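Accompanying notes for the structure given below.
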Number of protein chains: 2
Amino acid sequence: MNELLDYFKKNIPISLEIENKLKGIIKEKRLIKGETILSDNSVKKEHVFVVSGCLRSFYKTENGKEHTIQFAIKNWWISDYITLYTDNKSVISIESLTHSKVLIIDNSKVEKFYKEFPQFETIQRKNFEKRTAALHKRILSLLALSATEKYNQFIKDYTDFEKIIPNYQIASYLGITPQSLSRIRKERIKT
Amino acid sequence: MNELLDYFKKNIPISLEIENKLKGIIKEKRLIKGETILSDNSVKKEHVFVVSGCLRSFYKTENGKEHTIQFAIKNWWISDYITLYTDNKSVISIESLTHSKVLIIDNSKVEKFYKEFPQFETIQRKNFEKRTAALHKRILSLLALSATEKYNQFIKDYTDFEKIIPNYQIASYLGITPQSLSRIRKERIKT
DNA sequence: TGCAAAAATGAACCTATGGTAATAAATTAA
DNA sequence: TTAATTTATTACCATAGGTTCATTTTTGCA
């Protein structure tokens, strides 16, 4: 809870009034490794803020293949953004890769909050700006880079938590098979 | 100009004051086919609104390969979102695929506008929501779909202007070669 | 209208990455 | 600590899609 307040306080002053209102709409949740919050076919429109630990969102195809959309650690937001922002039914799951603590906020509450305290809408708008740039970069990598190049970039961009994440999930984030990633890792060691 | 006003009026009432302020910050520009607005290495932080015609943004590698990030027609926004929202120097170009008319707004002016008229920040926030969902969908397609599946989806999603866009650019949007796309198109006709 | 340039297709060949399966290593649970 | 389970590696074959280069078709403009 305080982690999120600190997160906001980096941007704007938080009055006691706001603080209390925020506390009223936030659900705190502890997750064990492997636990799933939002899962496939749910229709919950929720924002998830990571206080500690590491989570990921992914899509699972009919034939069981997983495709990782996002990883998130401390102070990151993660959600099923397709369900959150469209009327599509959910195809995304979010699972915890470690013990972790998250804060969950219902989107309808968020909407009201924007109206009441427009300064939060500004924070959110700026977040969107950063994320939009990041998503465009991701698309560019997926379009333009080879498997090896994508992996190198991943290592560079995610140094912080690359070690926490199992390789098969990194592979699924890069759009390659675990076997392929293993091959690449072998080559890297050589040189 | 009026096209953009109409676009906004779908969401909020536009007073004469706002209308005039808007007119003050918008540059109108006509483009001929093949003309480039934002190009590689520019540092302009600009929003582009398409009034008529069709544009695309793309990244060109050192060895001359193009990777299309986005297409845009009437009433769409297009920009180099990486330059716009980070401090990275631009690697993206935006070119016009047809004769077209666009409105260009400097990002610094947009920022001021949000402050002065918060209702525009709300519009923008909602735009971001829709776009975020779309970008996530795009990433999912790139991760999970075969070349053929991506093409089928493209045809479905972009029926409106699929015909305007040359196949080699569609290929570069899907992350495949023109030859590959040609192969796929041949197969489609069969069945 | 006709010709140059651009785009699309086609065919032959190649390679990066996928699929499968078996083994080994590491992690978890009991 | 050991057994069970999950993850990573390896090897070998298969294939989707890339590469190259030639040909046809379309487009644009003089």
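Below, chain A is the first sequence line, B the second, and so on; all start at residue 1. All values reported here derive from a predicted model rather than from experimental measurement.
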When you check the phosphate oxygens OP1 and OP2 of [N], does a side-chain N or O of [X] lie under 4.0 Å from one of them?
X	N	result
B:R185	C:dT9	yes
A:S180	C:dT17	no
B:K65	D:dG18	no
B:K186	C:dA11	yes

Less than 3.5 Å between a donor and an acceptor, one on the side chain of A:Q179 and one on the base of C:dT20, is that the case here?
->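 When only heavy-atom distances are counted, A:Q179 does reach the base of C:dT20 through a donor-acceptor pair under 3.5 Å.
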Residues [X], [Y]: salt bridge by 4.0 Å N-O rule:
X	Y	answer
B:R56	B:E66	yes
A:E19	A:K23	yes
B:E111	B:K45	no
B:R125	B:E121	no
B:R183	B:E187	no

Spacing between [X] atom [atom1] and [N] atom [atom2], to the nearest angstrom:
X	N	atom1	atom2	value
A:R183	D:dA11	CZ	C1'	10 Å
A:L181	D:dA8	CG	C1'	10 Å
A:I184	D:dA8	CD1	P	14 Å
B:R188	C:dT9	CZ	P	12 Å
A:E149	C:dA16	CD	C1'	12 Å

Option from A:W77, A:Y85, A:Y81 for which ring-ring contact (aromatic ring centres under 6.0 Å, His included) with A:F128 holds |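 That would be A:Y85; it is the only one of A:W77, A:Y85, A:Y81 passing the ring-ring contact (aromatic ring centres under 6.0 Å, His included) with A:F128.
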Assess the pair A:F161 and A:Y158: is the distance between their ring centroids shorter than 6.0 Å?
-> yes
Please report the closest heavy-atom contact between B:L103 and B:L4, naming both atoms and the distance.
-> CD1-CB, 3.5 Å
Are there more than 12 heavy atoms of other residues, nucleotides or ligands under 6.0 Å from atom NZ of B:K163?
-> yes
Kindly give the atom pairs (protein nitrogen or oxygen, nucleotide nitrogen or oxygen) under 3.5 Å for nucleotides 25-30 of chain D.
residue	atom	partner	partner atom	Å
D:dG28	OP1	B:K33	NZ	2.4

Which nucleotide sits closest to the side chain of B:S182: C:dG18, C:dA12, C:dT9?
-> C:dT9
Check DNA chain C against residues 163-178 of chain B and give the residues with a non-hydrogen atom under 4.0 Å, in numerical order.
->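 Close to the strand are B:P166, B:N167, B:Y168.
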